[in-house]
Amino acid sequence: MAYIIKPLVTEKMTAITEKQGNKFGFIVRPDANKIEIKKEIEAKYNVNVVSVNTMRYNGKSKSRYTRAGIIKGRTNAYKKAIVTLKEGETIDFYSNI
């Protein structure tokens, strides 16, 4: 199981959550589908999921100049899921800190 890698807590995702109230973001495994993501979130956080939207991101090439020369690298590719919960329900990511 374990399709959810981690919750997505960024400035953009926090703004979406504050504006709409019932949307939360997660980084998920690339082979996970919407049904599997929905089942895992409902089981893990004890909420009712209305819909799941997924997005795939490709890794980007990055380079920087240093004393030793140009260092080239690549960021990771990942899949993001935006989960819409039933009205009035919420997920608290900071409850166990």
Side-chain angles (χ1 to χ4, degrees):
M1 195 133 174
Y3 295 108
I4 298 172
I5 296 172
K6 64 181 179 179
L8 191 63
V9 183
T10 60
E11 288 183 26
K12 186 174 182 179
M13 198 63 235
T14 305
I16 291 171
T17 302
E18 288 176 357
K19 185 176 179 183
Q20 301 195 349
N22 60 346
K23 291 193 177 193
F24 297 91
F26 295 91
I27 302 292
V28 296
R29 287 179 38 195
D31 58 336
N33 63 33
K34 292 180 181 186
I35 297 166
E36 294 165 340
I37 295 167
K38 178 180 176 179
K39 285 180 184 176
E40 188 169 343
I41 290 175
E42 286 179 343
K44 191 172 188 177
Y45 295 105
N46 214 11
V47 293
N48 295 322
V49 176
V50 176
S51 68
V52 178
N53 300 85
T54 58
M55 293 155 259
R56 288 179 170 265
Y57 288 92
N58 291 328
K60 295 179 181 148
S61 296
K62 301 258 181 175
S63 63
R64 63 178 186 223
Y65 298 96
T66 63
R67 284 186 190 169
I70 298 174
I71 296 176
K72 294 186 180 184
R74 192 163 178 82
T75 60
N76 293 333
Y78 62 96
K79 187 173 188 178
K80 179 166 80 171
I82 306 294
V83 178
T84 305
L85 302 180
K86 188 176 173 183
E87 198 63 41
E89 293 187 346
T90 185
I91 297 174
D92 187 15
F93 295 127
Y94 304 108
S95 63
N96 59 358
I97 294 177

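Quick note: residue numbers are just sequence positions, from 1. Just so we're clear, the structure is a prediction, and the values are computed from it rather than from any experiment.
E89 meets the side-chain hydrogen bond (donor to acceptor under 3.5 Å, both in side chains) test with N48; sequence neighbours excluded. Remark: A81 pairs with V28, I37, V52, T54 by the side-chain contact (heavy atoms from CB on, under 4.5 Å) rule, at least two apart or across chains. A search for side-chain hydrogen bond (donor to acceptor under 3.5 Å, both in side chains) contacts involving S51 returns T84, not counting sequence neighbours. Taking the side-chain contact (heavy atoms from CB on, under 4.5 Å) definition, one finds that T66 meets it with R64, A68, I71, sequence neighbours left out. Residues satisfying the side-chain hydrogen bond (donor to acceptor under 3.5 Å, both in side chains) criterion with D31, sequence neighbours excluded, are R29.
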Please list every donor-acceptor pair under 3.5 Å in which a side-chain atom of residues 9-25 meets a protein atom from a residue at least two apart or in another chain.
| unit_1 | atom_1 | unit_2 | atom_2 | d |
| --- | --- | --- | --- | --- |
| T10 | OG1 | M13 | N | 3.2 |
| T14 | OG1 | T10 | O | 2.6 |
| T17 | OG1 | M13 | O | 3.0 |
| T17 | OG1 | K23 | O | 2.7 |
| Q20 | OE1 | K23 | NZ | 3.3 |
| N22 | ND2 | L85 | O | 3.1 |

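Closest approach of K79 to A32, counting heavy atoms only: NZ-O, 2.6 Å.
Each ring pair (Phe, Tyr, Trp, His ring centres under 6.0 Å) pair with one or both residues in residues 26-52, not counting sequence neighbours, appears once here: F26-Y45, F26-F93. For the ring pair (Phe, Tyr, Trp, His ring centres under 6.0 Å) condition, the pairs that include at least one residue of residues 50-75, sequence neighbours left out, are Y57-Y78.
For the atom pair E40 CD and Y3 OH, the distance stands at 8.0 Å (nearest 0.5 Å). The line from CZ of R74 to NZ of K60 is 10.5 Å long, rounded to the nearest 0.5 Å.
By the 4.5 Å heavy-atom criterion applied to side chains, R56 and P30 are counted as neighbours.
Note: the hydrophobic cluster containing I4 also contains V49 (ILVMFWY, side chain heavy atoms under 4.5 Å, direct or indirect links).
Side-chain atoms of E42 do not come within 3.5 Å of backbone N or O of K39 as any donor-acceptor pair.
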